[in-house]
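Values in this document were obtained by computation on a predicted structure and should not be read as measured data.
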Amino acid sequence: MSRTAIASAITSAPPAQVFRHLATAEAWPVWMRVPTRSRRARSGAPDPDGVGAVRAIFPMREQVVAYEPPAHYAYTMLTLTPFKDYRADVRLSPTPEGGTLIEWSARAGARVPGTGAIVGFGLRFLTRRLSSSLAEHASACGGKCPVR
């Protein structure tokens, strides 16, 4: 059985800026505030960061499955993780104040029978952490953060 978690956050940054940070593999360690390496391992088409692109975020590999700037970005996990059939969809909506509502949803099943509750907890933690970290970073950099 698959579990789903959804978290949201608001940033003062506009959707296009938030999308750039989200879609650029090299930016992930910066806004996630984790000491890891991240790079585009394979380009997508027609946009290098678009559908088909593979991101290597040590030790994982993710593939972009939806790329609709500046509103929707989705990826699946290619490497073995505690989550089975992991997919995340990130939707960005403009706010009346000129910022962005970030809605991060993730869906996955358990690899080990009987661990569904743990998977649900992990997904809730992950979606909250990723959405809030992206929002905080985008607000703090005020459009001046380099993405590449």
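- Annotation for Ser131 and Ala9: closest pair O-CB, 3.6 Å, computed over non-hydrogen atoms.
- Taking both residues in full, the closest heavy atoms of Ala135 and Thr11 are given as O-OG1, 3.1 Å, listed atom of the first, atom of the second, then distance.
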Discussion item. Quick one, Ile102 with Val90, criterion side-chain contact (heavy atoms from CB on, under 4.5 Å). Give me CA distance, side-chain angles, the key distance, then yes/no.
Written reply: CA-CA 7 Å; Ile102 301 167; Val90 185; 4.1 Å; yes
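- Applying the salt bridge (Lys or Arg N to Asp or Glu O under 4.0 Å) test to pairs two or more places apart or on separate chains, those with a residue in residues 65-87 are Arg87-Asp89.
- Contact annotation: the side chain of Leu134 approaches that of Val18 to within less than 4.5 Å [non-hydrogen atoms, C-beta and beyond].
- Residues passing the ring pair (Phe, Tyr, Trp, His ring centres under 6.0 Å) test with Phe19 are Tyr67, Tyr73, sequence neighbours excluded.
- Judged as a side-chain contact (heavy atoms from CB on, under 4.5 Å), and not counting sequence neighbours, the contacts of Leu130 are Trp28, Trp31, Met32, Tyr75, Trp104, Leu126.
- Each of Leu101 and Leu92 belongs to its own hydrophobic cluster when Ile, Leu, Val, Met, Phe, Trp and Tyr are linked at side-chain heavy-atom distances under 4.5 angstrom.
- Ala56 and Ala41 make their closest contact through CB-CB, 4.2 Å (heavy atoms, listed as atom of the first residue, atom of the second, distance).
- For Arg37, the side-chain contact (heavy atoms from CB on, under 4.5 Å) criterion is met by Phe58, not counting sequence neighbours.
- Using a 4.0 Å cut-off between a side-chain N of Lys or Arg and a carboxylate O of Asp or Glu, Glu103 and Arg91 do not qualify as a salt bridge.
- Both Val51 and Ile57 are part of a single hydrophobic cluster, where members link through side-chain heavy atoms under 4.5 Å apart.
- Atom CD of Gln63 and atom CZ of Arg55 lie 10.5 Å apart (nearest 0.5 Å).
- Evaluated for a side-chain contact (heavy atoms from CB on, under 4.5 Å) with Tyr86, the options Val119, Leu123, Leu78, Thr76 yield exactly one hit, Leu123.
- A search for side-chain contact (heavy atoms from CB on, under 4.5 Å) contacts involving Ser12 returns Ser139, not counting sequence neighbours.
- Across Thr115 and Ala110, no two heavy atoms sit closer than the pair OG1-CB, 3.3 Å.
- Arg61 CZ to Thr79 OG1: the interatomic distance, rounded to the nearest 0.5 Å, is 8.5 Å.
- Closest approach of Asp49 and Asp47 over heavy atoms only: N-OD1, 2.8 Å.
- Every side-chain contact (heavy atoms from CB on, under 4.5 Å) that Pro29 has, sequence neighbours left out, goes to Thr36, Ser38.
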Worksheet item: So Arg3 and Arg124, side-chain contact (heavy atoms from CB on, under 4.5 Å) or not? Walk me through it.
Response: CA-CA 10 Å; Arg3 304 284 177 140; Arg124 286 188 302 277; over 6 Å; no
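- In this structure, His72 NE2 and Ser93 OG are separated by 11.0 Å, a value rounded to the nearest 0.5 Å.
- Contact between His21 and His137 at its shortest, heavy atoms only, is CE1-NE2, 3.5 Å.
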